[in-house]
Amino acid sequence: KRRLRIREVFDLQCRNSYEAGKFYCLCPVHEGERNPSFLLFENDETGDIAIDFHPNGHRGVEYPEWVKTSKDGYIYFDVIDLYRILNGKSFIEAVKELGELAGVEVKEKGRAKQEKLDDEQIKEILARVLNQTQGLEDKDIFFDISQGKYILYDRRNKTYDYTDEKTLKVLIEPSAAHVIEQIRNELPEQVRQKVKMPSPREIFTALQRIMVKVEEATYEPLNTDVLIKGDDGRIRFNSYRIRDLDLIPRTDEIDDIDWSKYPGISGLFDNLTRYDAREKRYLTHWTAWKAKYKEKIKTAIVMFGPQGAGKNLFAEHILEYAVGRENYSEIGEYLLDSPFNGWMFGKRVIVANEIKIDYQNNFRVQGVLKAYITDETIEINQKFMKPHKVTNYADFLIFSNHEDAVKIENSDRRYFVIKTGPPLVNPNTGVLNDPNLRAKFGTIDALVEAIDKERDEFIKELMRLKVDKKMVRH
């Protein structure tokens, strides 16, 4: 303290008093002070001593014990205490840092130098921390540079979520403190004294240092890798997850479906297409394409007809399972008119329900829908995230009760239109309208149950169907 003066360490605004070696300064602890109330005087024996003239003290400031017992109610500081309080340091940290300023080597008496753990040892502790952190079991953590957020990838369920640094710290640091204490207690006493264990903050910093940084999240069903390294050398996180259906062999060994094995699904298709063989074949091959192949068709099915004809029954009980629930989405017309299109990301089938576009007053929706159906790449704009371009694998199924739901030009090959049959159920009797379905199943519940039982084998047969790609893309 004799080597350093308070005025040399801190930038204090002071003025001399009439007495030698005494200065009145603006208080550095009392923010916003205008009139000097901080008396500083030199003491050659102990170093500068400062007296704060605020007898009520400062809220939130932790003072040394000797300050609390001062006789006159004033708060006394020396250079070490003032440095510690203003910089949020411990007493030992303050002494060491001020010692460096003074050119003095500071050693802690009686404490042997502890060895720090190397990176590999810290990685082992980190792995143990992540394994014991609730909510992070079986997860890989990546950092998405484009979004400034962390990706938590669940290896078991093949799913992922985004989170921020604050939330991740809340998960990891308490667990890290617990694991560090466990390891410390496991060490023999002699080893424990020689090893300097990392702090929870150092464990989190180690995680940030060694985790894989990805440029952005993408969606590539044609690639089964979680991390994709592009030709540009940049690493991207692939959000597509392999399904059980992806493991089923794909062949072209059959030219048509044996509908006798699937009376429920066949009856539903018949009602949707009004027993039109051409439309039933198109619907079947379109569905088979989405089940077998990852490539985009670029032709949307427009299906219009009365409510209850089976449109959503087909979509939710067959198509959703054929492509995988995580690759399927249902939207309303309002989303087509929204500047945000996060619902397009990571999808192979999008069902647009209850569509009736006002083309005279909403040209934007018309253009957006056409682009989504045919464009090979799209820009994804999600709330609170930066826009980024991805490959567009989504095909559309457009449902409506209106015949003029979508404006289609004669030469437009973007759409295949199917007019459905009547409602499946007679509202007056509660039984199935179609005489064939009524004879086989009687009620809608029995029909749905049959469709659900037939579904898995039907999808497997779609995998064996020789898809007429030319027809599907007509």
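Fair warning: this is a prediction, and the values are worked out from it, not measured in the lab.
- A salt bridge links Lys261 to Glu461: at least one charged side-chain nitrogen sits closer than 4.0 Å to a carboxylate oxygen.
- Residue Lys466 qualifies as open at atom NZ: its count of foreign heavy atoms under 6.0 Å is 12 or below.
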Start with the C-alpha distance between Arg156 and Glu137, add both sets of side-chain angles, then the distance that settles side-chain contact (heavy atoms from CB on, under 4.5 Å), and finish with yes or no. CA-CA 10 Å; Arg156 179 181 300 176; Glu137 309 93 333; over 6 Å; no
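- For the pair Ile172 and Leu130, the minimum side-chain heavy-atom distance is below 4.5 Å.
- The side chain to side chain contact (heavy atoms under 4.5 Å, CB included) test with Leu136 is passed by exactly one of Leu171, Asn131, Val129: Leu171.
- One N or O on the side chain of Lys347 and one on the backbone of Glu326 form a donor-acceptor pair closer than 3.5 Å.
- Counting non-hydrogen atoms of neighbouring residues, nucleotides and ligands closer than 6.0 angstrom, the NZ atom of Lys213 exceeds 12 such neighbours.
- Within a 6.0 Å radius of OH in Tyr275, more than 12 heavy atoms belonging to other residues, nucleotides or ligands are found.
- Side chain of Asn426 to main chain of Asn433: no donor-acceptor pair is present (N/O by atom type, distance under 3.5 Å, no hydrogens or angles).
- A distance-only check finds a donor-acceptor pair linking the side chain of Arg250 to the backbone of Ala291 [under 3.5 Å].
- Remark: side-chain polar atoms of Trp289 are paired, donor with acceptor, to backbone N or O of Glu295 under 3.5 angstrom.
- Looking only at side-chain heavy atoms (C-beta outward), Ile301 and Tyr282 come within less than 4.5 Å of each other.
- Side-chain contact between Ile210 and Ile122 is absent, with no heavy atoms from C-beta onward closer than 4.5 Å.
- Annotation for Lys370: atom NZ counts as buried by contact number, over 12 foreign heavy atoms lying within 6.0 Å.
- For Glu165, the CD atom is densely surrounded, since the number of other residues' heavy atoms within 6.0 Å is greater than 12.
- Rounding to the nearest 0.5 Å places CD1 of Ile378 at 9.5 Å from OG1 of Thr391.
- Nearest heavy atom pair, residue Leu424 against residue Ile444, reads CD1-CD1, 4.0 Å.
- For Arg325 and Glu320, the salt-bridge test passes: some basic side-chain N is under 4.0 Å from an acidic carboxylate O.
- The CG atom of Leu447 sits 9.5 Å away from the CG atom of Asp452 when rounded to the nearest 0.5 Å.
- Phe143 places none of its side-chain heavy atoms less than 4.5 Å from the side chain of Phe237.
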May I have the step-by-step check of salt bridge (charged side-chain N to carboxylate O under 4.0 Å, His left out) for Asp252 and Lys292, ending in yes or no? CA-CA 10 Å; Asp252 293 335; Lys292 287 183 69 172; 2.8 Å; yes
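- Checked by atom type and distance alone, the side chain of Glu202 pairs as donor or acceptor with a backbone atom of Ser199 at under 3.5 Å.
- In this structure, Thr159 and Arg241 have side chains that are not in contact, with every pair of non-hydrogen atoms separated by 4.5 Å or more.
- Within the 3.5 Å criterion, the main-chain N or O of Glu279 finds a donor-acceptor partner in the side chain of Asp276.
- Within the 4.5 Å cutoff, the side chain of Glu449 has no heavy atoms near those of the Phe441 side chain.
- If you take CD1 on Ile297 and CZ on Phe416, they are separated by 12.0 Å, rounding to the nearest 0.5 Å.
- With contacts defined as side-chain heavy-atom distances shorter than 4.5 Å, the pair Thr167/Tyr150 does not qualify.
- A salt bridge does not link Lys440 with Asp434: every distance from a Lys NZ or Arg NE/NH1/NH2 to an Asp or Glu carboxylate oxygen is 4.0 Å or more.
- Between Tyr162 and Ile151, the closest side-chain pair of non-hydrogen atoms falls below 4.5 Å.
- Rounding to the nearest 0.5 Å gives a distance of 12.0 Å between CZ of Arg473 and CG of Asp468.
- Judged purely by atom type and a 3.5 angstrom limit, Thr218 has no side-chain atom pairing as donor or acceptor with the backbone of Val390.
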Working for side-chain contact (heavy atoms from CB on, under 4.5 Å), residues Tyr328 and Lys290: CA-CA 11 Å; Tyr328 169 97; Lys290 297 310 298 182; over 6 Å; no
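- For the atom pair Ser400 OG and Met303 CE, the distance stands at 12.0 Å (nearest 0.5 Å).
- Remark: Glu216 does not engage Arg234 in a salt bridge, criterion side-chain N to carboxylate O under 4.0 Å.
- Of the possible polar contacts, one joining the Asn271 side chain to the Pro422 backbone as a donor-acceptor pair under 3.5 Å is found.
- Enclosure of atom CZ in Arg201 is not indicated, since only 12 or fewer non-hydrogen atoms of other residues, nucleotides or ligands lie within 6.0 angstrom.
- Distance check: Asn312 CG to Asn353 CG gives 4.5 Å after rounding to the nearest 0.5 Å.
- For Arg414 (side chain) and Thr374 (main-chain N/O), no donor-acceptor pair under 3.5 Å exists by modelled atom type.
- Between Tyr393 and Tyr240, the distance separating the two ring centers is not shorter than 6.0 angstrom.
- Around the CD atom of Glu376, the shell of radius 6.0 Å holds no more than 12 heavy atoms that belong to other residues, nucleotides or ligands.
- Residues Leu126 and Ala206 share a closest heavy-atom pair of CD2-C, 4.3 Å.
- The number of heavy atoms from other shown groups lying within 6.0 Å of CD (Glu186) is above 12.
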Just do the side-chain contact (heavy atoms from CB on, under 4.5 Å) check on Thr420 and Phe314 with the steps written out, would you? CA-CA 12 Å; Thr420 72; Phe314 160 70; over 6 Å; no
Run the side-chain contact (heavy atoms from CB on, under 4.5 Å) test on Tyr372 and Ile350 for me, step by step, so that the C-alpha distance in whole Å, both residues' side-chain angles and the decisive distance to 0.1 Å come before the verdict. CA-CA 10 Å; Tyr372 286 163; Ile350 294 175; over 6 Å; no
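- No side-chain donor-acceptor contact under 3.5 Å links Arg274 to the backbone of Gly421.
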Salt bridge (charged side-chain N to carboxylate O under 4.0 Å, His left out), that's the test. Do Arg128 and Glu124 meet it? Break it down for me. CA-CA 6 Å; Arg128 188 165 165 179; Glu124 291 178 10; over 6 Å; no
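- Considering every non-hydrogen atom in both Ile418 and Leu272, the closest pair reads CG2-O, 3.3 Å.
- In terms of heavy-atom proximity, Ala94 sits nearest to Arg84 at CB-CB, 4.0 Å.
- For Lys280 and Phe269, the positive end is not near the middle of the six-membered ring at less than 6.0 Å and at most 45° from its axis.
- Nearest heavy atoms, Gly305 versus Asn401: O-OD1, 3.1 Å.
- Heavy atoms only, all atoms of each residue included: Asn341 and Asn381 are closest at OD1-N, 2.6 Å.
- By the 4.0 Å N-to-carboxylate-O rule, Glu93 lies too far from Lys96 to be salt-bridged with it.
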Checking salt bridge (charged side-chain N to carboxylate O under 4.0 Å, His left out) for the pair Lys89/Glu97: CA distance, chi angles, key distance, verdict? CA-CA 10 Å; Lys89 304 288 184 179; Glu97 292 180 16; 3.2 Å; yes
